[in-house]
Amino acid sequence: VARRLSLRKHPECHSMAGGKAIEHLAQTGNRQQITLRLPMQRYRNCDFSFSGLQNIVNNTITQKEKEEGIQEGEILSCVKDIAAAVQHAVAVHIMQRTYRAMLFCMKNSILSSKNATLVVSGGVASNQYIRKGLQTLADVNDFAFVCPPPRLCTDNGVMIAWNGIERLRAGLGVLHSTEGIRYQPK
């Protein structure tokens, strides 16, 4: 969404990662100005999917570009409202699916209702809006809530790279020749 909104060109966000830029702009946006249908509402399971939301957001941005008479890549006047609406839709989707998972685990005695804990980590846990929503969800359902500090809630790309370094040092699963291997960049 940040890429589609060209947030690298936004004066407040030029040096921010996409998720951080969305969160920053959403703070002063009005999510009620943009209506986004939540993904997977027909499915009563615990699965997450953001592809439907991405399509809805892309269509919304295209429509707003036409309304404002601007080209793709230019900054929309309603960019903060779109950011707020997207952040809210993502938070609600995550909360709904997490709540279903919590209910499923309690119903099937996978978790004890006494010591149940919701652990949130990774890049999404650095978003304060989502984090607060999940904290509330945990509190309302008598779950403990554990979440690392935002500085430790990063994309797992660094963790994967570190694992690769450790495996290389230990000589585990190291490929010494790339002959015969085909790959295609996406």
Side-chain angles (χ1 to χ4, degrees), residues 1-4 16-32 34-58 60 81-170 172-173 186:
V1 172
R3 189 177 309 119
R4 179 63 180 87
M16 294 181 187
K20 188 69 179 166
I22 294 288
E23 181 178 13
H24 172 75
L25 293 176
Q27 290 174 348
T28 53
N30 180 351
R31 67 180 172 83
Q32 295 172 332
I34 308 289
T35 302
L36 298 176
R37 198 174 75 248
L38 292 174
M40 301 182 68
Q41 291 300 293
R42 293 180 290 177
Y43 302 98
R44 302 287 178 214
N45 57 30
C46 304
D47 297 343
F48 292 87
S49 176
F50 297 97
S51 59
L53 181 60
Q54 184 176 353
N55 289 335
I56 291 167
V57 172
N58 282 335
T60 299
D81 297 338
I82 292 173
V86 168
Q87 178 178 253
H88 181 73
V90 167
V92 170
H93 182 58
I94 290 171
M95 289 171 60
Q96 284 178 346
R97 298 299 162 156
T98 302
Y99 180 58
R100 286 186 181 140
M102 292 163 71
L103 291 175
F104 176 84
C105 290
M106 289 186 294
K107 180 181 175 190
N108 292 293
S109 301
I110 296 170
L111 290 175
S112 163
S113 58
K114 284 186 176 182
N115 299 322
T117 302
L118 176 62
V119 178
V120 180
S121 64
V124 73
S126 66
N127 181 294
Q128 294 302 304
Y129 187 83
I130 295 171
R131 183 188 286 240
K132 285 178 187 171
L134 290 170
Q135 172 76 64
T136 300
L137 178 67
D139 291 346
V140 166
N141 291 283
D142 294 323
F143 272 59
F145 183 75
V146 177
C147 193
R151 66 184 176 79
L152 298 177
C153 296
T154 58
D155 190 323
N156 69 351
V158 173
M159 291 178 265
I160 293 168
W162 186 265
N163 180 272
I165 290 169
E166 294 297 325
R167 292 178 66 84
L168 180 64
R169 286 181 179 158
L172 298 172
K186 215 173 181 183

side-chain hydrogen bond (donor to acceptor under 3.5 Å, both in side chains) contacts in which one or both residues fall within residues 133-143, not counting sequence neighbours = Gln135-Asp139
task = Look up atom CD1 in Ile82 and atom CZ in Arg4, then write down how far apart they are to the nearest 0.5 Å.
result = 9.0 Å
query = Any side-chain heavy atom of Met95 within less than 4.5 Å of one from Leu134?
reply = yes
note = Residues at least two apart in sequence or cross-chain that pass side chain to side chain donor-acceptor pair (under 3.5 Å) with Ser51, listed by chain then number, are Ser49
ask   = Under the side-chain hydrogen bond (donor to acceptor under 3.5 Å, both in side chains) rule, what pairs show up with a residue in residues 115-125, not counting sequence neighbours?
value = none
task = Working to the nearest 0.5 Å, report the span between CE of Met102 and CD1 of Ile110.
result = 13.5 Å
query = If every non-hydrogen atom of Ala2 is compared with every non-hydrogen atom of Gly18, which pair is closest and at what distance?
reply = CB-CA, 3.4 Å
task = With sequence neighbours excluded, tell me which residues meet salt bridge (charged side-chain N to carboxylate O under 4.0 Å, His left out) with Arg169.
result = Glu166
request  = For Gln128, check side-chain contact (heavy atoms from CB on, under 4.5 Å) against everything at least two apart and list the hits.
outcome  = Glu23, Arg131, Pro150
remark   = Those residues at least two apart in sequence (or on a different chain) that pass side-chain contact (heavy atoms from CB on, under 4.5 Å) with His88 are Arg31, Val92, Tyr129
ask   = Closest heavy-atom contact between Phe145 and Val120?
value = CE1-CG2, 3.6 Å
inquiry  = Once side chain to side chain donor-acceptor pair (under 3.5 Å) is applied, do any residues pair with Gln87, and if so which ones, sequence neighbours excluded?
reply    = Asn127
request  = Taking all heavy atoms of Ala125 and all of Cys147, pick out the closest pair and write down the distance.
outcome  = CB-SG, 3.7 Å
ask   = Who pairs with Phe50 by side-chain contact (heavy atoms from CB on, under 4.5 Å), at least two apart in sequence or on another chain?
value = Phe48, Leu53, Val90, His93, Ile94
key: Separation between CG of Leu168 and CD1 of Ile165, rounded to the nearest 0.5 Å   = 8.5 Å
request  = For Asp81 and Asn30, indicate whether the former's side chain and the latter's backbone hold a donor-acceptor pair under 3.5 Å.
outcome  = yes
message = Using the side-chain contact (heavy atoms from CB on, under 4.5 Å) criterion, which residues pair with Ile56? Sequence neighbours excluded.
response = Leu36, Arg37, Thr60
Listed partners of Arg100 passing side chain to side chain donor-acceptor pair (under 3.5 Å), at least two apart = none
task = Report the C-alpha distance between Leu103 and Met106 in whole Å, list the side-chain angles of each, state the deciding distance to 0.1 Å, and finish with yes or no for side chain to side chain contact (heavy atoms under 4.5 Å, CB included).
result = CA-CA 5 Å; Leu103 291 175; Met106 289 186 294; 4.0 Å; yes
